[in-house]
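Heavy-atom basis, side chains included; hydrogens, waters and symmetry copies ignored. Within every chain, numbering begins at 1; the chains are lettered A, B, ... in the order of the sequence lines, protein sequences first and strands thereafter.
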Amino acid sequence: MRSRSLVCTGCGCLCDDIQVQTNDSRPILIENACAKGAAHIQASFNPERRPHCTIGGRQCGPGEAVAEARRLLGNSRNPLIFGLDSSTLSAQSLAIALARKLGGSIDSAASFSYGPLLAAMLGGDLPACSLAEVKDRADLLLYWGADPPNTHPRHLSLHSYYAYSEYNPAGWYPRVTLVCVEVRRTELSSMSKPAIRIKPGEDRAVIEAITGEAQSQVGAAQGLAELIRKSHFCVLFCGLGLMHSLGGDPGPLVRMARLFAGSTRMAVIPMISEVNMMGFCRLLHQTAGQVSSVGFKDGTAAGREHSFLEQVRRRSADCVLIVGSDPFAALPQSVMENLGDAKIVCLSPLATASTMAADVVIPTALPGVECGGSVLRMDGVEVALAELEKGAYPTEEAVLSRLLEIL
Amino acid sequence: MEQAVHAIDVNLVTCESIYVSLAALREGLGQAYRDRAAVVHLSPADMKRLQIRDGDRVELTAASGSVVVAAEADGDLEEGAGRMPLSLYSNRLAEYRPSRWPLPALRLIQSTVSPTGKGVTPVEDLLVRRTVA
């Protein structure tokens with residue numbers, strides 16, 4: 001029996017206090033992890049949750065599958081690499097190099113979630129801060145369109161409200177105002193004071209009422225503006241509910257941050273669920289000047305036409321390499337049905353709707369459990385992942401390196 | 001007794017559910033996933049108008065498709081509002097029409113709800129079928 005410290009890769013929190021005891025290479029005790037984190041770690045030890053290595057549904061060895069992946073990608077006129085939000089930084093670099101070598105496009109789920117927000121942050125239009133700065137310093141924690149008990153179960157206890165040194169489970173609570181803006185009742189809204197309830201799709205109107213751009217007043221806006229104005233350091237935890245309501249446009253948030261810049265320190269932290277979306281966006285930004293949707297066909301170009309969604313909608317991608325992602329579960333089926341004629345190669349540590357739809361499936365090691373590496377947390381801080389047990393599967397890096405070598 | 005209506009329009013808000021995530025992590029897209037994901041929460045007033053009770057099946061129909069799920073009352077919801085977990089079920093109803101909205105409409109879906117005697121849509125019917133090479 002042995003004990004290992006682990007960074008959990010079950011969600012974007014990247015909890016770094018996990019202890020796992022293993023016996024005969026199997027976890028027998030997982031300490032400090034939430035239910036989601038524990039299930040994530042256990043999934044890698046459950047053979048039924050791992051995909052088989054297949055070509056056209058027929059089981060094969062990884063060497064044969066990689067050779068078939070090479071053939072499909074090599075024959076493709078318009079290859080597209082998608083995913084990588086849960087891959088290590090080194091796997092992401094290799095995937096970008098592969099897209100460049102293929103003259104194809106590369107994109108991640110950021111293009112239909114946090115991409116524009118991250119671009120605004122990387123471009124300096126939106127102020128950011130680290131989660132370490134939040135603790136004991138921020139006096140207003142504002143969760144907007146975010147539901148951490150369901151998406152990031154330990155976010156409040158490890159990184160925000162309950163992480164303050166004043167917090168004591170016996171009943172002392174930190175002197176910080178916890179506010180949420182939501183369209184429905186949630187666990188978080190029951191502990192927030194105040195919990196601001198808005199109508200679905202009303203987020204932009206609330207922000208524009210705060211910034212004075214709106215023609216009419218929205219009830220919630222005045223009180224919220226007052227709370228922000230009175231605070232010294234407000235951290236806005238921006239959830240997917242807010243991003244979708246804004247149609248991905250961070251402009252209203254940029255204008256709101258500017259409005260308060262003179263009186264309040266305001267910082268934005270995106271509530272990213274994927275363990276390394278931030279890393280992929282930063283790497284691509286360094287490489288191509290854009291955080292998502294980049295094409296390398298004739299030089300480097302970026303734009304909507306290179307996005308996964310648009311290429312699928314227009315049926316322009318003829319071969320898609322999916323790396324550590326599950327778009328067949330995450331996106332509308334009416335869109336994904338357009339991939340009927342494309343060839344799909346899927347690198348995945350777990351069996352998913354995407355591995356079921358793929359022509360070639362190459363099972364890979366689960367980062368943070370079966371292999372190490374580095375990732376960028378939601379606040380941009382680099383986190384080193386440990387390896388609990390080396391599994392039987394190759395790493396994404398090994399498969400991508402091999403493809404780069406033989407293509 | 002109030003006259004039952006055959007169908008009502010609702011604005012469905014979808015949200016991530018840790019129970020759906022746990023079911024998928026532990027057992028994949030099996031029975032537990034179906035039980036957690038194939039649910040729509042409606043206002044008590046709408047449940048009454050449709051003359052349905054908790055657990056009764058309803059068919060949700062939107063521009064992109066339809067699914068049969070179980071209905072449950074939620075006193076927090078107003079008439080005409082619904083809530084469902086983000087899953088393969090809600091994604092069957094979601095659409096992506098960039099001329100209308102730049103992102104896929106995964107989070108807010110306009111749908112019609114009608115009582116049905118059909119069984120809950122099997123997860124297998126929600127998987128995109130492709131003829132693999």
Side-chain angles (χ1 to χ4, degrees), chain A residues 10-11 34-36 39-40 42-43 46 48-49 54-57 68 72 112-113 145 147 149-151 153 183-186 200-201 240-241 243-245 247-249 273 304 309-310 313 328-337 339-344 350-353 356-360, chain B residues 11-30 33 37 41 62-65 67 74-78 81 83 85-98 100-109 123-133:
Chain A
C11 78
C34 66
K36 198 171 170 181
H40 174 77
Q42 284 165 334
N46 179 356
E48 289 179 11
R49 293 293 301 115
T54 56
I55 299 173
E68 179 63 4
L72 296 177
F112 47 87
S113 58
D147 182 18
N150 276 287
T151 57
V183 297
R184 62 195 173 92
R185 187 183 59 205
T186 63
L240 267 184
M243 288 320 298
H244 273 263
S245 180
D249 172 20
S273 288
R304 194 175 188 83
L309 269 171
E310 276 303 290
R313 189 178 72 89
F328 280 87
L331 288 169
Q333 287 132 36
S334 55
V335 176
M336 299 308 290
E337 279 163 358
L339 277 174
D341 297 327
K343 300 297 178 196
I344 296 172
L350 298 176
T352 62
M356 288 185 226
D359 297 273
V360 178
Chain B
N11 282 323
L12 285 177
V13 171
T14 66
C15 43
E16 279 151 316
S17 157
I18 192 168
Y19 301 108
V20 173
S21 305
L22 287 175
L25 279 166
R26 288 172 179 160
E27 296 173 32
L29 303 174
Y33 178 86
H41 297 268
S64 293
V67 286
D74 181 345
D76 186 50
L77 291 168
E78 293 175 3
R83 177 169 62 82
L86 199 56
S87 74
L88 284 166
Y89 286 88
S90 64
N91 286 349
R92 167 57 62 94
L93 306 172
E95 62 176 354
Y96 172 55
R97 294 175 77 173
R100 283 188 182 178
W101 194 245
L103 298 179
L106 300 167
R107 296 258 162 178
L108 184 58
I109 302 166
V123 176
E124 298 73 36
D125 291 0
L126 304 173
L127 298 171
V128 175
R129 289 201 176 86
R130 300 177 62 257
T131 309
V132 292

*asked:* Let's test your reading of the structure: which of B/Gly65, B/Gly28, B/Ala81 forms the most heavy-atom pairs below 4.5 Å with chain A?
replied: B/Gly28
_Quick check on A/Arg49 against chain B: is it the side chain, the backbone, both or neither that has a heavy atom closer than 4.5 Å?_
side chain
*Side chain, backbone, both or neither: which part of A/Glu48 has an atom under 4.5 Å from a heavy atom of chain B?*
neither
*chain A heavy atoms under 4.5 Å from B/Val13: which part of the residue, side chain, backbone, both or neither?*
side chain
*Contact part of B/Asn11 toward chain A, heavy-atom cut-off under 4.5 Å: side chain, backbone, both or neither?*
neither
*Between B/Leu25 and A/Leu350, what is the shortest heavy-atom contact and its length?*
CD2-CD1, 4.2 Å
_Part of A/Pro149 within contact of chain B (heavy atom distance under 4.5 Å)_ = backbone
*Quick one: OH on B/Tyr96 to CD on A/Glu310, what's the gap to the nearest 0.5 Å?*
3.5 Å
_Portion of B/Glu27 that has a non-hydrogen atom of chain A nearer than 4.5 angstrom_ = backbone
*Quick one: which residues of residues 14-21 of chain B reach chain A at under 4.5 angstrom, heavy atoms only?*
B/Cys15, B/Glu16, B/Ser17, B/Ile18, B/Ser21
_Given heavy-atom pairs under 4.5 angstrom as the criterion, report whether the side chain, backbone, both or neither of B/Leu86 touches chain A._
neither
_Is B/Ala24 in contact with chain A via its backbone, its side chain, both, or neither, using a 4.5 Å heavy-atom distance?_
backbone
*Applying side-chain hydrogen bond (donor to acceptor under 3.5 Å, both in side chains), name anything that partners B/Arg97, two or more places apart in sequence or on another chain.*
none
*Is chain B contacted by the side chain of A/Ser273, its backbone, both, or neither, given a heavy-atom distance below 4.5 Å?*
side chain
*Region of A/Ala351 that comes under 4.5 Å of a non-hydrogen atom in chain B*: neither
*Would you check if A/Arg304 and B/Pro102 make a side-chain contact, meaning some heavy-atom pair closer than 4.5 Å?*
yes
*Please flag which part of B/Leu108 lies under 4.5 Å from any non-hydrogen atom of chain A: side chain, backbone, both or neither.*
side chain
